[in-house]
Amino acid sequence: KQCITQSTEAVVSTQSTGYLHRDDMMSHWEILHQYVGEILQISYLTDTDVQQDVEIQNMVREIAECGFRRFAEGAGFPAVLKTREQLVELLTAIIFNFSVYHASVNFQTLTYAFMPNVPSCMRMPPPQATEVVTMERIWRTLPVGETASYPTTWPTTSVLSPR
């Protein structure tokens, strides 16, 4: 959770509203955090269970000593885990970074291949801010068939296809 708030504070205050990227990531973090916590409760009933798990402690030690050795004080990464909550945080961060965060920065959210996001032409003018947009209005506005696919796919295929 700290990684989300730190990365977004440089752009926008955590108190500001309407920063959907941050809000969506926080929502996913909370869901993952709850899930990981519930799963770990099955195997780790107490903090002592975490402290006595040699494999987990070796993994954390190796990350701290090898993964962060170039950073002062291991970049704040713990050398041992003392509580179940620390383990939940660590595993949530790993899962979050390899899934939600990776997808949010590496996948296009408004891909040009999806016609409603960037239609090559429209049969009606864009709606006005005060106009109520219905599904009928959307269908009458979007291009049809070959008209929709030609202008956006042709540049891509012409560049990528061998000549």
Side-chain angles (χ1 to χ4, degrees), residues 1-120 126-127 129-135 138 142 148-149 152-153 155-157 159-160:
K1 190 172 186 176
Q2 183 179 6
C3 64
I4 301 169
T5 55
Q6 285 177 346
S7 67
T8 57
E9 280 175 356
V11 178
V12 64
S13 166
T14 54
Q15 268 59 50
S16 63
T17 59
Y19 189 56
L20 302 178
H21 184 255
R22 179 209 53 218
D23 298 342
D24 288 348
M25 287 198 318
M26 293 297 284
S27 173
H28 283 87
W29 176 276
E30 295 299 331
I31 292 166
L32 276 172
H33 189 268
Q34 180 181 349
Y35 175 76
V36 169
E38 289 174 5
I39 294 298
L40 289 180
Q41 276 183 324
I42 297 168
S43 298
Y44 300 96
L45 302 176
T46 66
D47 292 342
T48 306
D49 294 334
V50 173
Q51 295 166 11
Q52 292 177 350
D53 187 328
V54 177
E55 294 297 324
I56 290 290
Q57 295 301 334
N58 285 341
M59 178 191 77
V60 172
R61 182 185 46 75
E62 185 175 338
I63 292 171
E65 291 175 4
C66 300
F68 292 103
R69 69 175 163 220
R70 295 181 304 197
F71 299 94
E73 298 179 29
F77 193 87
V80 296
L81 294 180
K82 297 178 182 172
T83 67
R84 187 175 63 203
E85 184 55 33
Q86 285 181 310
L87 180 58
V88 171
E89 287 288 321
L90 173 63
L91 295 179
T92 301
I94 291 170
I95 295 168
F96 179 85
N97 280 294
F98 288 136
S99 60
V100 177
Y101 183 76
H102 174 78
S104 75
V105 298
N106 289 296
F107 301 154
Q108 294 180 358
T109 55
L110 298 174
T111 178
Y112 288 101
F114 185 57
M115 199 43 52
N117 288 339
V118 185
S120 56
T130 57
E131 183 180 348
V132 175
V133 178
T134 63
M135 204 59 184
I138 293 170
L142 291 174
S149 63
T152 54
T153 58
T156 305
T157 55
V159 170
L160 298 178

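Heavy-atom basis, side chains included; hydrogens, waters and symmetry copies ignored.
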What I'd like to find out is whether the side chain of Tyr35 reaches to under 4.5 Å of the side chain of Thr92, using heavy atoms alone.
no
Between Gln34 and Glu30, does the side chain to side chain donor-acceptor pair (under 3.5 Å) criterion hold? Intermediate values first, please.
CA-CA 6 Å; Gln34 180 181 349; Glu30 295 299 331; over 6 Å; no
Nearest 0.5 Å, please: how far is NE2 in His33 from CD in Glu85?
4.0 Å
What are the two closest heavy atoms between Ala64 and Pro78, and how far apart are they?
CB-O, 3.7 Å
With a 4.5 Å cut-off on side-chain heavy atoms, are Lys82 and Asp47 touching?
no
Hey, what do you get for CD (Glu89) to OG1 (Thr83), rounding to the nearest 0.5 Å?
9.0 Å
Keeping the roles fixed (side chain from Arg61, backbone from Val80), state whether a donor-acceptor pair exists under 3.5 Å.
no
Quick one: OH on Tyr44 to CG on Asp53, what's the gap to the nearest 0.5 Å?
3.5 Å
Within the 4.5 Å heavy-atom criterion, are Ile31 and Phe96 side-chain neighbours or not?
no
Is there a side-chain contact between Ile138 and Val133 in this structure, where contact means two heavy atoms from C-beta onward sitting under 4.5 Å apart?
yes
d(Leu91 CG, Leu40 CG) to nearest 0.5 Å is 5.5 Å
Do any N or O atoms from the side chain of Gln51 and from the backbone of Gln57 form a donor-acceptor pair under 3.5 angstrom?
no
Could you measure the distance from the CH2 atom of Trp29 to the CG atom of Asn97? Nearest 0.5 Å is fine.
7.5 Å
Would you say CD of Glu62 has more than 12 non-hydrogen atoms from neighbouring residues, nucleotides or ligands within 6.0 angstrom?
no
State the CE-CD1 distance between Met59 and Ile94, to the nearest 0.5 angstrom.
5.0 Å
Tell me whether Asp49 contacts the main-chain N or O of Thr46 through its side chain, where contact means a donor paired with an acceptor under 3.5 Å.
yes
